Amino acid sequence: MKPLSLLIGILIILGVTIKTINAEKHNKRQKERNVTTQVSANKIKQYLSHILEQRTSSHVISKRENLLEKKKNQHKIRIKEIRNKDILKRNKNHLQKQAEKNFTDEGDQLFKMGIKILQQSKSQKQKEEAYLLFAKAADMGNLKAMEKMADALLFGNFGLQNITAAIQLYESLAKEGSCKAQNALGFLSSYGIGMEYDQAKALIYYTFGSAGGSMMSQMILGYRYLSGINVLQNCEVALSHYKKVADYIADTLEKSEGVPVEKVRLTERLENLSSNSEILDWDIYQYYKFLAERGDVQIQVSLGQLHLIGRKGLDQDYYKALYYFLKAAKAGSANAMAFIGKMYLEGNAAVPQNNATAFKYFSMAASKGNAIGLHGLGLLYFYGKGVPVNYAEALKYFQKAAEKGWPNAQFQLGFMYYSGSGIWKDYKLAFKYFYLASQSGQPLAIYYLAEMYATGTGVVRSCRTAVELYKGVCELGHWAEKFLTAYFAYKDGDIDSSLVQYALLAEMGYEVAQSNSAFILESKKANILEKEKMYSMALLLWNRAAIQGNAFARVKIGDYHYYGYGTKKDYQTAATHYSIAADKYHSAQAMFNLAYMYEHGLGIAKDIHLARRLYDMAAQMSPDAHIPVFFALMKLETMHLLQDILFFNFTMRWKRLKMDNTIGPHWDLFVIGLIVAGLIFLLRNHHG
C-alpha cells in the first residue's frame with residue numbers, strides 16, 4: 001500500500017478516537033487553538049503521523065494499530081490471491097487455447113482422413129466411413145467438414161436427407177463466410193425448397209458466393225447473365241463469370257485428363273430404367289468380362305478403357321485396367337500397348353511413373369501405325385520426358401497422329417501453332433486444329449477456341465460464341481458427377497434426392513438436368529415442393545431446356561399451354577411451340593399435334609388438307625408414328641366423308657325446296673327430260 005493512502009486511513013481511524021484520550025487534554029486544547037482552517041492537508045498528515053509515533057504504547061492506538069496491521073496483512077493476502085488467480089487464469093486460458101488448438105487439429109486430421117477414404121473408396125461402406133469421420137470433425141467445429149455434412153443432408157447421401165437441418169447448418173456456415181453455404185442457400189431460395197421462393201435473395205447469395213470463390217456460383221451467374229434470368233441479359237458479364245470457371249477447369253485438365261460424365265436423359269427411358277446405353281448394366285458387364293476372359297481383344301481393350309477412367313457407371317480401377325490392357329497387348333493390340341504407355345507416362349496406383357517404359361510401349365504401338373502411340377511419342381519429345389526436348393520430332397509425331405484423326409494430337413498441333421512452341425506462331429493453323437479437335441469434344445481445344453473468340457485472336461471477336469464455348473468447358477467440372485448419383489437415386493426410388501441434385505445442375509445451366517428436373521416435377525412424385533407449384537416450376541425448366549435446343553422440351557411447352565398445366569390454356573401459344581418444334585427440329589410428335597390442331601381449328605384456322613399433310617410427314621419422320629397416324633387419318637377421312645354427306649343432303653334439300661316453289665313438285669322429271677333432250681340433240685349433230 002502507498003504511504004499516502006496509508007496515512008489517510010490512519011487519519012480516519014484516529015479522528016474517531018482522539019476525543020476519548022484524556023491524558024493529553026491540556027496539550028490537545030493548546031494545539032486546537034493553534035490549529036486553524038488554513039492548516040494544509042499535508043501538515044495534518046505529518047502531525048497525525050507524529051502522534052502515531054509518540055503514542056504507540058496507548059491501548060487504543062495499539063488496538064487500532066493491530067487492526068490496521070491485520071487489514072494490511074489481509075490486503076497483502078488478497079493481492080497475493082489476486083495474483084495467484086491471475087496466474088491461474090492465464091494458465092487456464094493457455095491450457096484452454098492449447099486444448100482448442102488440439103481440438104481443431106484433431107478435427108482437421110479427421111476431415112483429411114475422411115477425404116482420403118472418400119477418394120479411394122470403392123464401396124458404399126467406405127463412403128459411409130468417410131462421412132462418419134466428417135461428422136466427428138464437424139462436431140469439433142471443422143468448417144469444411146460441416147460443409148460436407150450440410151451437403152449430405154441436402155442431397156440425401158446415405159439416406160440422410162433433412163433439408164431443414166441442412167438449411168440451419170448452411171445459415172450458420174454462411175455467417176462464418178462459407179461461399180459453398182451461400183451458394184446452397186441461393187439455390188434453395190431460387191426453387192423455394194425449404195425456404196421462401198425469392199429470386200432476388202438467391203441472386204444476392206450467388207453474388208456473395210462468387211465473390212468468396214464458389215465456382216458453382218460463378219457458373220450460375222454466368223448462365224443467368226447469358227439467358228437474362230432475373231437480370232438484364234449481358235454477354236460480357238456472362239463471359240467474365242464463365243471464363244473464371246473455364247480457366248480453373250482448363251488448369252485441372254492440363255494436369256490430368258478429364259473424365260466425361262454420362263448424362264442420362266430420363267425422358268428417353270420411360271419403360272426400362274436399365275436399358276439406357278449411357279450406364280452399363282451389371283449383367284452386360286459380367287457378359288463382357290466373360291468374353292474378355294475368352295480372349296476377345298476388342299472387349300479387353302474396351303473394359304480396360306472403362307476401368308482406366310471410370311466410365312459407364314464403373315468405378316475407376318487402375319489394376320483392372322492394367323490387367324485387361326496387358327492381356328490385349330499380349331495378343332498384339334496396338335491400342336492396348338498405347339494405353340499401357342499412357343499409364344506409365346502418368347503414373348498411378350497400379351504402375352509407377354516411368355518414362356522409359358512409357359517410351360517402350362508407345363514405340364511398340366507407333367510401329368503398328370497406332371495414332372495413340374504416335375501421340376504419346378510426340379508428348380515425350382514435346383515435354384522432354386525420358387528424352388531431350390525436340391519440338392521437330394514432337395511436331396512430326398503429332399502430325400502423323402492428327403492425320404489419323406486422333407483429337408488429342410490435333411489439339412497439340414493447334415497448341416504448338418498458338419503458342420509458337422518450336423515453330424512460328426500461326427493463329428489460322430492453330431484455329432484449324434483446335435476446331436478439328438473440338439468436333440470430337442476435346443475439352444482443351446474447346447477452351448482455346450473460346451480464348452481466341454473472346455480476345456479476337458486469329459478470328460473476328462464474338463462474345464456469344466466465346467461464352468457458349470466456355471460454358472461447354474465449365475460443364476466438365478467435378479460437379480457433373482452429380483449426374484450419376486442423381487440417376488442412381490432416381491433408379492433406386494429416392495425421388496427427392498434425385499430432384500435436388502438435378503435441380504442444382506439445372507440451375508448451373510445443364511440442359512439435360514433441366515429436362516430431367518422438369519420430368520420429375522411433372523410426375524408429382526417429389527415431396528420437397530408443394531404440389532401446386534410443381535407444374536409451374538416444371539414449365540419454367542422445360543422452357544430453359546427448349547431455349548438450349550431441346551426439341552422434346554419445346555413440345556412439352558406446347559402441351560402445357562394446350563392443357564393449361566402451370567399456366568392458362570392457350571391454343572395459339574401451343575400451336576406456336578409445336579410449329580417451332582416441327583419446323584426447326586422436325587419433331588414427329590410436334591407435327592402430329594399440329595395436324596390435330598389444324599384438323600379441329602384449335603388456335604389456328606381449320607385446314608383439313610394441311611392437317612392431312614402434317615400427319616403424313618409425322619409418319620415419315622418416325623416409324624413409331626405410323627400406327628397413331630393411320631388411326632388419325634382414318635378418323636379424319638371418316639369425319640370428312642360424313643360431313644360431305646351431311647352437307648350434300650342439306651344442299652339437296654335446299655335445292656329441292658326451291659324447285660318445288662318455282663317449277664312444281666315434279667321438277668326432277670323435268671330436269672331429266674331436259675338432259676335426255678340435250679343428249680338427243682348432241683347425238684344428231686354428231687351424226688350429221
Side-chain angles (χ1 to χ4, degrees), residues 108 111 138 141-151 153-155 166-253 447 450-451 454-455 463 466-482 500-501 503-510 513 544:
D108 290 342
F111 175 75
N142 186 284
L143 292 179
K144 290 182 179 178
M146 288 169 72
E147 288 173 347
K148 283 283 186 185
M149 292 311 299
D151 288 346
L153 290 167
L154 175 61
F155 299 120
I167 290 170
Q168 291 175 350
L169 199 48
Y170 281 132
E171 287 176 341
S172 173
L173 285 164
K175 290 175 183 176
E176 297 290 333
S178 168
C179 61
K180 289 184 179 179
Q182 287 160 341
N183 180 75
L185 290 171
F187 157 65
L188 293 167
S189 297
S190 69
Y191 281 89
I193 299 174
M195 299 178 71
E196 184 183 357
Y197 177 81
D198 191 332
Q199 289 292 342
K201 188 180 284 186
L203 189 61
I204 292 169
Y205 277 125
Y206 289 143
T207 303
F208 279 110
S210 66
S214 169
M215 292 291 111
M216 285 186 177
S217 290
Q218 291 278 10
M219 199 167 163
I220 290 169
L221 287 175
Y223 177 65
R224 288 195 166 216
Y225 278 102
L226 174 65
S227 307
I229 299 172
N230 298 109
V231 292
L232 290 174
Q233 196 170 16
N234 191 321
C235 183
E236 295 298 336
V237 176
L239 179 70
S240 173
H241 286 294
Y242 272 125
K243 178 170 169 50
K244 289 174 185 175
V245 185
D247 288 344
Y248 165 76
I249 300 297
D251 184 57
T252 306
L253 291 173
Y447 171 76
E451 290 280 279
T455 57
C463 177
V467 168
E468 292 291 347
L469 291 167
Y470 277 138
K471 182 175 181 288
V473 176
C474 293
E475 291 183 355
L476 296 171
H478 62 83
W479 38 78
E481 293 172 3
K482 290 194 182 299
V500 170
Q501 293 178 78
L504 176 60
L505 293 168
E507 187 76 353
M508 296 170 72
Y510 288 91
R544 291 181 185 177

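Remember, predicted model here, so these are calculated numbers, not experimental data.
- Atom-to-atom distance recorded for Lys482:NZ and Gln501:CD is 5.5 Å, nearest 0.5 angstrom.
- Other residues, nucleotides and ligands contribute over 12 non-hydrogen atoms within 6.0 Å of the CZ atom of Phe155.
- Closest non-hydrogen pair, Ala466 versus Ala454, comes out as CB-N, 3.7 Å.
- Between Cys474 and Ile249, the shortest heavy-atom contact is CA-CG1, 4.3 Å.
- Under the salt bridge (Lys or Arg N to Asp or Glu O under 4.0 Å) criterion, the residue pairs touching residues 230-243 are Glu236-Arg461, Lys243-Asp247, Lys243-Glu451, with sequence neighbours excluded.
- Closest approach of Ala513 to Ala506, counting heavy atoms only: CB-N, 3.5 Å.
- Residues His478 and Thr252 form no side-chain contact, since every pair of their non-hydrogen atoms from C-beta on lies 4.5 Å or further apart.
- Annotation for Lys180: atom NZ does not count as buried by contact number, only 12 or fewer foreign heavy atoms lying within 6.0 Å.
- Contact of the Trp479 side chain with the Met219 side chain is registered, since non-hydrogen atoms from C-beta on lie closer than 4.5 Å.
- Contact check for Leu154 versus Leu188: side-chain heavy atoms found under the 4.5 Å cut-off.
- In this structure, Gln233 contributes its side chain and Leu226 its backbone to a donor-acceptor pair below 3.5 Å.
- Separating the CD1 atom in Ile204 from the CG atom in Leu185 is a distance of 12.5 Å, to the nearest 0.5 Å.
- Leu143 is listed as a side-chain neighbour of Met146, based on a closest heavy-atom distance under 4.5 Å.
- With hydrogens and angles ignored, the 3.5 Å screen pairs no side-chain donor or acceptor of Asp198 with any backbone N or O of Ser189.
- In terms of heavy-atom proximity, Ala145 sits nearest to Ala138 at CB-N, 3.5 Å.
- Rounding to the nearest 0.5 angstrom, the gap separating the CG atom in Asn183 from the CD1 atom in Ile220 is 4.5 Å.
- Rounding to the nearest 0.5 Å gives a distance of 12.5 Å between OH of Tyr248 and CD of Gln218.
- Exactly one residue among Arg224, His241, Glu507 makes a side-chain hydrogen bond (donor to acceptor under 3.5 Å, both in side chains) with Tyr206. That residue is Glu507.
- Side chain of Lys201 to main chain of Glu196: no donor-acceptor pair is present (N/O by atom type, distance under 3.5 Å, no hydrogens or angles).
- Within the 3.5 Å criterion, the main-chain N or O of Glu475 finds a donor-acceptor partner in the side chain of Tyr510.
- With sequence neighbours excluded, no residue forms a ring pair (Phe, Tyr, Trp, His ring centres under 6.0 Å) with Tyr223.
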Steps toward side chain to side chain donor-acceptor pair (under 3.5 Å) verdict (Glu147, Ser178)
CA-CA 8 Å; Glu147 288 173 347; Ser178 168; 2.5 Å; yes
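- Atom-to-atom distance recorded for Met508:CE and Phe187:CZ is 11.0 Å, nearest 0.5 angstrom.
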Determine, step by step, whether Tyr191 and Val500 satisfy the side-chain contact (heavy atoms from CB on, under 4.5 Å) criterion, reporting the C-alpha distance in whole Å, the side-chain angles of both residues, the deciding distance to 0.1 Å, and the verdict.
CA-CA 10 Å; Tyr191 281 89; Val500 170; over 6 Å; no
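- Considering Val473, Leu469, Leu253, Leu476 in turn, Val473 is the only one that fulfils the side-chain contact (heavy atoms from CB on, under 4.5 Å) rule with Tyr447.
- With a 4.5 Å cut-off on side-chain heavy atoms, Leu221 and Leu203 count as touching.
- Nearest heavy-atom pair, Gly209 versus Cys179, reported as atom, atom and distance to 0.1 Å: O-CB, 3.5 Å.
- Taking all atoms of both residues into account, the shortest heavy-atom contact from Ala174 to Ala181 is N-CB, 3.8 Å.
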